[in-house]
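To start, the structure under review is shown below, and the notes come after it.
Every chain is numbered from 1, with letters handed out A, B, ... down the list of sequences.
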Amino acid sequence: MRPILLQGHERSLTQIKYTKDGDILFSCAKDQIICAWFSANGERLGTYHGHQGALWSIDVDPSTTLLASGAADNTVRLWDVRTGKCIKVWDFNTAVKRVEFNEDGTKLLAVTEKRMGFLGTIVVFDIVPDVDAEQTNERALTITCDESKATVAAWSYLSKYIIAGHEDGSVSQYDAKTGELLDNFQAHEVDMEIKDIQMSPDRTYFITASKDKFAKLLSARDLSPLKQYATETSLNSAALTPKKPFVVLGGGQAAMDVTKTSSRQGKFEARFYHKIFEDEIGRVKGHFGPLNTVAVDPLGRGYASGGEDGYVRVHHFEGAYWGFQ
Amino acid sequence: YDSADDLEFDDLREQHNVRLEEGLDGFVVVDGLPLVAPDAKAKLQKFLTGKLSTPAFKIKEDGFFMPFNKAGDKSEGFAFVEYQTPQQAIAACKAVHGTPIDRRHTFGVNKITDIDRYGREGKINEEYEPPKLDEFHEKEHLRWWLGDSNSRDQFVLYRGDGVGVYWNKKRDNPEQIIDRQHWTEKFVQWSPLGTYLATIHIRGMQLWGGQSWSRQTRFPHPYVDLVDFSPNENYLCTWSFRPIEVAEDDPILSQDDDGKNYIIWDLSTGRPLRSFAMYDLATAPEGPDGQPVKKQVPWPAFKWSADDKYVARMKEGEGIHVYELPSMKAMDKKMVSIEGVMDFEWAPATPQRDGVKAYEQLFCFWTPEIGSNPAKVGLMSIPSKEIVRTRNLFNVTDAKLHWQSQAAYVCVKVDRHSKSKKSLATNLEIFRVREKGVPVEVVDSIKDTVINFAWEPKGDRFVLITTAEVVMTTAVPPKTSVSFFCPEKIKGAGVGNFKHIRTVEKKNNNAIFWSPKGRFVVVATVMSQQSYDLDFWDMDYEGDRQEGDNKDLTANLVLMNTADHYGVTDVEWDPTGRYVTTGASVWKHTMENGYQLFDFKGEMLREEHIDKFKQLLWRPRPATQLSKDEQKKIRKNLRDYSKDFEEQDRIEEDKEKGAIVDERRRLLSEWMAYLQREREEVREE
Amino acid sequence: QEHQETLARRAIIEKKKELASDALQKKQKEEETRKRIIAQQRQEAEANRLAEEHRERERKRMKDEQDRIRRENNENEIKEILKKGINIGDVDVKELDSNQLRLIKISQLEKEKNDLSKNLRVTGKRIDHLERAFRKEEIKLLPQNYEA
């Protein structure tokens, strides 16, 4: 599996997203820039300029029309995927840590940071999936997290629930219409932040990645734990592969704890686990720093990882992968 | 199993905490007695009275009372005895407690006031029952672990605050036998034959054993830092940097022990035999902060002879104190004077020497150049103090003594300087202890400085590591070379001269780990910041000889495999020489702590990352009970055994595989059912 | 008058003579320059030729040297291979090129590795079985050991 190395960012990666057909890859980083790439050959399509702070999160709608982004400059922006034009800016009191479109691209959620007396919130906007349409300023919903701030959030099947992961290691289920907190479950060790949540293709279950070195599979319906994957490093990201029952995990010791010895270089690994049997299948080395984000091609042809080292590595699965049971 | 709180020594202290009250201080309770019928009472009483009286403590007239059970047909197995004074009662407890009555019974002697105290604490009910002290239990079989039907070995794992003991299961997760939080406060250590697990606490050291891992003995040496067992587990030496402060009512230590650093103990009774202060304490130089610098303490300071009959300590430059065990009296009432002595080592086995029938113990020592006298290496036989051999050496900077495990050879690694004292070179002076007149063979073909040397256990080959550069604490470790030596083949009996087999250059290796059974050796780079190499060598490869290696040598060297373990600090062979563990201990650094398990040929079987991993120690095994003939017979019939084992392994493997497949099938069908259910529910919504 | 004319003619003749001589001189000069240039060109051509020849020789020498090294290497390797008694089939060893040799060598290394792992596996099994056989017999002695 020979990776394509995408060199376009000058600082550490924060999130990667594939389009629905898997042809294009979006990446954002702390260098305030969003990049779009052809996943097949790694050629850069373009960049999206405008944010005045580190980017934390991006998402592309299912029709590859609109791109949403959240950043440390306290804004969420909406972009025309084709022209790269910024078509909407929403302002907030604090940084935006996560954005995600729902299944049909008609709603957008944003997770805001808790800071300077402002509590962390999850905000929902109604979206018109058309680049020329006027987008509303009005918030369809505001959920305030007064217990522990949300760090990540995602939409369930039928946009019925919003699932949030918290700083304290717990997972919440909110009614996506009323914003009512339906359930909260201490999925991970107490005070071990949840760094990523990614939904299954049918959005009935999701995978979490936490600093407690575990990734867990939970039901979106009732937050019941389904599977768990034990690693020996703190995790930043977890993704589910379609077609094959695998999960891809990314993480690594924070930069401070890692020695700068040559023998460790390039040894930060993406880890593959069997989704159902929970055992480790293999690792893919290459990054020079912890993996901050992993994403899988929705058609299951490959995956991409973004590292603290500023690189995106795009991998295309080969024969051995498909042969593995 | 006692709870963690019980690990403290408070109970020991309290048990002996004398309080004058109710005039009962002269009474003791004698326990562990045989159960007898009333007609045997008088006879037993007479027998016991004799055993419980000495000139130092005498039983009061009519001071013996032995209760019987309610039916009156059997004694209860204990008796009350009143001594003439409370002091005598205390003396009797100390002297008689724990000594045997006959083959099957052991005295338990305790002051009645102590037992009363237990009663008051509500530990016993009104019906008087003898206090249940460990000593009265049927001794557990301390060697139970040797009887594992799967021939597995144990190791102890100390990580975080917990200590666990496990069965090694090769590739599979080890099977936990026991796990206790806060079992130790400093570290753990096995006794040399594996009988006991030692835990180290602020208040002393404890030994645990048997299948229940019950406490066997306690050694209340406060602030103990290090412990060292005699080779046959009869004695042990504890050391604390901090001199002992003995409390007036200390039940075990006496005022003689006050201010001392070392205690030599009788292992089975837990009684101190003698204590000693450190030599260099008074002369320790002061550091810049006015505090004495913590000097590197020579350890072990007290060295045991191979037969547990002597323990000796060197007084640098003057001589060697040899003490007889168990009396701990100085042999011949004085120090063995050796002017200038720098170091000494006992032979690790009772030496067999040509033409010598009397089996004496032997130690090797060396003295530097003094005035016009040359440096010397000597072998002294104990107790005769006969000098068996000496050898003069010149231009000696330093010397290290390396005994071969069966005391067949002692290799003296001599660092020599040139006349100008500039360049260093190493000579090996190998004393062939078993041969007539103890001939010395010199290996002087080594140009560089030898930084490490190790004999093959039970063998006659050795490995050494040299470096041309001066070893300094620089960021880049010096390049090293690894050299292998063995005797050449000769006709007839005996061992030929030592010859060089091969040298591997441009390495970073700094440590040599021989399999305890010999033949295999791991040459590693440990405690390094840059390299973590593990080279697995076979000295008797059963295949083609490597090109260039001499055919007339008693070795066929091959590099079986190389591996690396990031941050490796420790390497340990299992006692059978089938497995090797490498550890990265949090005591040395905090990067990727944990351990890896290899087989002897360097194939990694499993790895485990463990936060705050500290120690992994294989449980040692005593020498085999099988006679030479029995072993020979087994070797001869190995084919038959092999057949059984292979069958056994195959069944086991099939079972495991089957279990895995079944488990997977179950998981898969469960998952499918779950998805199906979910899909239907979503459709409904 | 006549004298005047004569003088004038003379002057003209002188002048013509002078011109002719000048022209001649110029012509000669040009001729010389031309010759010099030709000579120079010839020289250069010669030098070039020599250099080319030298280069050619050097090239040939290098090639010969490389060939020699390659040949020697091949021979060494062939020697090595023959020494190890490896069966390389029915080929003339002289005919082998370095690629073929490399292949043989790789397969040889592969074989050595396989032999090593096979031998060690056998060794490992024996060690394991011997240890287990000892223990199997030793367990029988264990209760006795406790009585003692």
Worksheet item: Of all heavy-atom pairs between C/Ile139 and B/Ser149, which one has the smallest distance, and what is that distance?
Response: CD1-CA, 4.3 Å

Fill in: Least distance between heavy atoms, C/Leu116 atom then B/Tyr541 atom
CA-OH, 3.2 Å

Measure from the side-chain N and O atoms of [X] to the backbone N and O of [Y], and report whether any donor-acceptor pair falls under 3.5 Å.
{"X": "B/Gln625", "Y": "C/Glu138", "result": "no"}
{"X": "C/Arg126", "Y": "B/Leu638", "result": "no"}
{"X": "C/Arg132", "Y": "B/Ser151", "result": "no"}

Other residues, nucleotides and ligands only: do more than 12 of their heavy atoms fall within 6.0 Å of [atom1] on [X]?
{"X": "C/Arg49", "atom1": "CZ", "answer": "yes"}
{"X": "B/Arg639", "atom1": "CZ", "answer": "no"}
{"X": "C/Glu18", "atom1": "CD", "answer": "no"}
{"X": "B/Asp544", "atom1": "CG", "answer": "no"}
{"X": "C/Glu30", "atom1": "CD", "answer": "yes"}
{"X": "C/Arg10", "atom1": "CZ", "answer": "no"}

Practice prompt. Measure distances from C/Lys125 to the heavy atoms of chain B and classify the residue's part below 4.5 Å as side chain, backbone, both or neither.
Written response: side chain

Practice prompt. Would you check if the distance from the ring center of C/His129 to the ring center of B/Tyr641 is below 6.0 Å?
Written response: no

Does any backbone or side-chain atom of [X] lie under 4.5 Å from a heavy atom of chain C? Answer side chain, backbone, both or neither.
{"X": "B/Asp540", "answer": "neither"}
{"X": "B/Phe520", "answer": "side chain"}
{"X": "B/Arg635", "answer": "both"}
{"X": "B/Arg152", "answer": "backbone"}
{"X": "B/Phe645", "answer": "both"}

Discussion item. Check B/Lys633 with C/Glu137, please: is the shortest side-chain N to carboxylate O separation under 4.0 Å?
Written reply: no

Worksheet item: Are any of the side-chain nitrogens in B/Asp644 or C/Lys136 under 4.0 Å away from the carboxylate oxygens of its partner?
Response: yes

Discussion item. Less than 4.5 Å apart, side chain to side chain, heavy atoms only: is that true for C/Ile127 and B/Lys601?
Written reply: no

Discussion item. Under a 4.5 Å cutoff for heavy-atom pairs, which residue among C/Asp115, C/Val122, C/Asn119 has the most contacts with chain B?
Written reply: C/Asn119

Quick check for you: to the nearest 0.5 Å, what is the distance between [X] atom [atom1] and [Y] atom [atom2]?
{"X": "B/Ser642", "Y": "C/Asp128", "atom1": "OG", "atom2": "CG", "value": "9.0 Å"}
{"X": "B/Glu603", "Y": "C/Leu120", "atom1": "CD", "atom2": "CG", "value": "10.0 Å"}
{"X": "B/Arg143", "Y": "C/Leu141", "atom1": "CZ", "atom2": "CG", "value": "11.5 Å"}

Item to complete: Show your working on side chain to side chain donor-acceptor pair (under 3.5 Å) between C/Glu131 and B/Thr576 and close with a plain yes or no.
Response: CA-CA 7 Å; C/Glu131 178 67 31; B/Thr576 68; 4.9 Å; no

